[in-house]
Amino acid sequence: MLTATQKGAAGEELLAACVTLSSDGELELYKPLSDDDHTDISAGRRGKVPALAIQVKAAFDLDPKGFAVARMYFSGKPREHPAFVYAVVYVVDASVETAWIVPSADFNRLTYRGKSTRGKGIELQFMASPTRRDKWAPFRLPRLELGPRLLAIVDSLPAGRPPRVAGASLILR
């Protein structure tokens, strides 16, 4: 049986493959060595500085009501920035069946909030149907639209310096 860590890693890799293929290689993806800031993947147009931070969650089955469920835990305030998005992938038979790309402001507003079961902090709970109309439907995409949607988000961001992440530095050549 897969562990939660293995499922998370598999979801990230499946998302990366779908994004790379469906953007025709226009999006370059980078994995940070650690994800303490809740960034699993950084993305940017090929030849440009990465512009987008992505937190990836994977659901490998549906709950009894037919919802894909993903949980995020924060010791402080959930991260919110125009260049930070959540990607939730619903994986069936080793493939992304459907996914949701949600800007962090919308994600933070629409998720269920509760006290973290991991101790201090809060838990954000995402629950969405892969087929029915619900509050998450506007963010739902088939796998071949993942690259184009992320490209559109990257292109919509204001030009200028990439967002700063506390404790990180970017060296430009």
Cluster check L29, L157: I/L/V/M/F/W/Y, side chain < 4.5 angstrom: yes
Nearest-0.5 Å distance, CE of residue M72 to CZ of residue F126: 7.5 Å
Any donor-acceptor N/O pair, Q6 side chain to T3 backbone, under 3.5 Å: yes
Let me have the donor-acceptor pairs involving side chains of residues 85-102, under 3.5 Å, with sequence neighbours excluded, atom names and distances please.
residue : atom : partner : partner atom : Å
S95     : OG   : R143    : NH1          : 3.3
T98     : OG1  : L141    : O            : 3.1

Exam field: side chain R149 to backbone R140, donor-acceptor pair closer than 3.5 Å: no
Full working for side chain to side chain contact (heavy atoms under 4.5 Å, CB included) between L52 and L27: CA-CA 10 Å; L52 194 62; L27 271 179; over 6 Å; no
Test: R79 cationic atom under 6.0 Å from F107 six-membered ring centre, within 45° of axis: no
Heavy-atom neighbours of D134 CG exceed 12 at 6.0 Å: yes
Co-membership, hydrophobic cluster, residues I122 and Y112, 4.5 Å side-chain: no
Whether K7 side chain and F60 backbone form a donor-acceptor pair below 3.5 Å: no
Shortest non-hydrogen contact between E123 and Y73, atoms and distance: OE1-CE2, 3.0 Å
Contact summary for S22 and P148, nearest pair of heavy atoms: O-CD, 3.4 Å
In one Ile/Leu/Val/Met/Phe/Trp/Tyr side-chain cluster, 4.5 Å: I153, L151: yes
Side-chain donor/acceptor of S23 to backbone N/O of G147, under 3.5 Å: no
Residues D155, R45; criterion side chain to side chain contact (heavy atoms under 4.5 Å, CB included); working and verdict: CA-CA 9 Å; D155 291 344; R45 278 201 172 269; 2.8 Å; yes
N-O pairing of D40 and K57 below 4.0 Å: no
Test side chain to side chain contact (heavy atoms under 4.5 Å, CB included) applied to L15 and E12, step by step: CA-CA 5 Å; L15 174 77; E12 291 170 20; 5.9 Å; no
Gap between atom CG of D106 and atom CD of E80 - 0.5 Å precision: 8.5 Å
Any side-chain heavy-atom pair of K31 and E13 under 4.5 Å: yes
Pair E28 + R46: basic N to acidic O under 4.0 Å: no
Main-chain N/O of A53 paired to T39 side chain as donor or acceptor, under 3.5 Å: no
Euclidean distance, R71 CZ relative to T111 OG1, rounded to 0.5 Å: 12.0 Å
Side chain to side chain, P138 and R133, heavy atoms closer than 4.5 Å: yes
Shared hydrophobic cluster, F139 / V69 (ILVMFWY, side-chain heavy atoms < 4.5 Å): no
